[in-house]
Amino acid sequence: MKKSALQQVRAKYQPKLPKDLQGSVKIKLGDATESVADQDEIKRLFPHTYGMPVVKFENDENPERVEEPFNVGIILSGGQAPGGHNVVSGIFDGLKSLNKENRLYGFLMGPAGFINHQYMELTAGYIAEYRNTGGFDIIGSGRTKLEKPEQFEAGLKILKELNIKALVIIGGDDSNTNAAVLAEYYKNINAGVQVIGVPKTIDGDLKNDWIETSFGFDTACKVYSEVIGNIQRDCNSAKKYYHFIKLMGRSASHIALECALETQPNICLISEEVQAKRMTLDNIVSYICYVIAERAKLGWNFGTVLIPEGLIEFIPSMKSLISELNDVLVDYADELEGLEENEKLVAIHKHLSPVNADLYKSLPKTIALQLSLERDSHGNVQVSLIETESLLSEMVAKRLEEMAETGEYSGKFSAQHHFFGYEGRCADPTNFDADYTYALGYNAAMLINSGLTGYMSSVRNLTDHTENWVCGGIPITMMMNMERRNGEMKPVIQKALVDLKGRPYLKFASMRETLALNTLYQYPGPIQYFGPAEVCDRPSMTLLLEHNKEI
Ligand code: FBP
């Protein structure tokens, strides 16, 4: 296949490796750990993998060990995130640095390939084609939930057949939760298989003191910010449209917040704030209309509104409706099967409690139908399919008409809608993500070589130069708590939502009024791979602010 000029040059990029991982590596054990909450319950559920210490790698000047060869398997799980291919090449190079005989196998199309024994060996020549590229197409990804003992046993058969001693699961919070359960299961039955997780998701919600960011967030946000900047330039040129821009991020609003810091739109909604202030849909519409009316007084009938994808689930009244809808869709599945749209709406309406039925009825038909679509394999509403941007702009248009009648608004309102999500998930990784993912992968190989299981690859100190990044691992159980999922209490990794006391949010909140009533757009431009480090290697604003750096 012919490659573009950029692809050819970018393929030669050698990710920078932290000092900790250069040459031979020795391990330093830290203190024993506790889970973030529900310690007794998590300890009971993970008797073999609870309480393990945090570990850190250091350069070993006098290596003594001769490493025996071993084989490793990998799974890419869930939504794509830029840098996945570099995790794979980092693992591969790490393994080869330990022993040239080590082999790497990739299970195809996510956990399903593991369960159904579909795999391929990843060789140097094959991996070379994918270095520094975006996407997960090297082996494909999938959302099959790996949670049942039968699946663990089916997977174990192929691991034994291929003489694989460790499995690396590259995934988000749900997939890493499953990695912890699998590690515990294999340890309990003495399967002789280690399980290591790698923190992936553009959503940025898999993070804590030890995992400073999930990979892919940086690149995806920079792609969206470039396009938002372009839209803002267009918006400020024609001065005739309000652009309602929905941004991916199933639950947390990290992506919307980061893009707001990068581009300085007129409005950015933050779901976590909506929830904390118990705002209704009506409150949100009122706020947007207030800004539009004030801007109209200044003669500006244009602007940009950023909307986090998960917003709808954070509006308390909508959350209660969605939760009841989840039950209705399961309980009355037979009755709803095969109904045409209007009949389905009526049938669902009939089974809802009075308050939720009223809210359901008040929604535009398209949105009510989107809310009633099938749930994903984890029981989540597929928020990427709900057109919140249209919902809000329709409601805003209606309200502005009412305000015009009472003389509260005199302006022209015309809206454009956008949804940015898939556009950024497979972009070629930024230098930051290319280096970070390579280090995460290389580091995972060292965790395996140290005989660890139930650990997540951890690379920290990310706002410093790459060579000073701190490498090691943390027990996955340390990040867990108990949560209700599909009606049952389950151990899961705690999701990191936007912290309303954190610097990224406070920075945005401090600018919000000024951005709303002025036109102070920022245009970040495209990702740069070659050039000055302050342009090419700059991490996300969220990460910089969280590390007390200025932006
Ligand atoms: P992960 O949590 O698996 O990384 O996926 C995140 C995400 O990109 C969300 O932002 C989005 O809501 C969802 O995937 C879309 O899922 P799908 O790719 O199945 O349409």
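Counting starts at 1 for both ligands and their atoms, in listed order. Just the heavy atoms: all of them, side chains too, but no hydrogens, waters or symmetry mates, feed the values below.
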Ion pair present between R131 and D93, side-chain N to carboxylate O less than 4.0 angstrom?
-> yes
Output yes when the distance from some N or O of ligand 1 to some N or O of M248 is under 3.5 Å, and no in every other case.
-> no
Identify, with sequence neighbours excluded, every residue that meets salt bridge (Lys or Arg N to Asp or Glu O under 4.0 Å) alongside D331.
-> none
Just by modelled atom types, is the G216 backbone N or O under 3.5 Å from a matching donor or acceptor in the D433 side chain?
-> yes
Starting from atom 20 (O) of ligand 1, which protein heavy atom do you reach first, and at what distance in Å?
-> Y422 OH, 2.6 Å
Chi angles and distances behind the side chain to side chain donor-acceptor pair (under 3.5 Å) call for E272, Y505 = CA-CA 10 Å; E272 291 80 348; Y505 169 77; over 6 Å; no
Any side-chain donor near an acceptor of the partner, T213 and D218, under 3.5 Å | no
In short, T453 meets M52 closest at the heavy-atom pair O-CE, 3.2 Å
For T201, the ligand 1 atoms whose distance to one of its heavy atoms is below 4.0 Å | 1 (P), 2 (O), 4 (O)
Residue, atom and distance of the protein heavy atom nearest atom 3 (O) of ligand 1 read G79 N, 2.8 Å
Within 4.0 Å of some non-hydrogen atom of G78, the atoms of ligand 1 are 3 (O)
Looking at I170, L108, L167, which one forms a side chain to side chain contact (heavy atoms under 4.5 Å, CB included) with I75?
-> L167
contact_flag G172 ligand 1 heavy-atom lt 4.0 Å | no
Looking only at protein heavy atoms, which one is nearest to atom 7 (C) of ligand 1, and how far off is it?
-> R425 NH1, 3.6 Å
Going by distance only, is there an N or O of S77 that falls short of 3.5 Å from an N or O of ligand 1?
-> no
Applying ring-ring contact (aromatic ring centres under 6.0 Å, His included) between F114 and each of Y119, F152, F107, report the one that passes.
-> F107
To which protein heavy atom is atom 10 (O) of ligand 1 closest, and what is the distance rounded to 0.1 Å?
-> D203 OD1, 2.6 Å
Exam field: side chain T219 to backbone T430, donor-acceptor pair closer than 3.5 Å = yes
Ignoring hydrogens, just give me the one of K495, E309, R143 whose non-hydrogen atom is nearest atom 14 (O) of ligand 1.
-> R143
Backbone or side-chain N or O of G249 under 3.5 Å from ligand 1 N or O | yes
Measure the distances from the heavy atoms of A81 to every atom of ligand 1 and state whether one is below 4.0 angstrom.
-> no
Ligand 1 contact by K200, heavy-atom criterion under 4.0 angstrom | yes
Check Q80 against ligand 1 and report side chain, backbone, both or neither, counting heavy atoms closer than 4.0 Å.
-> neither
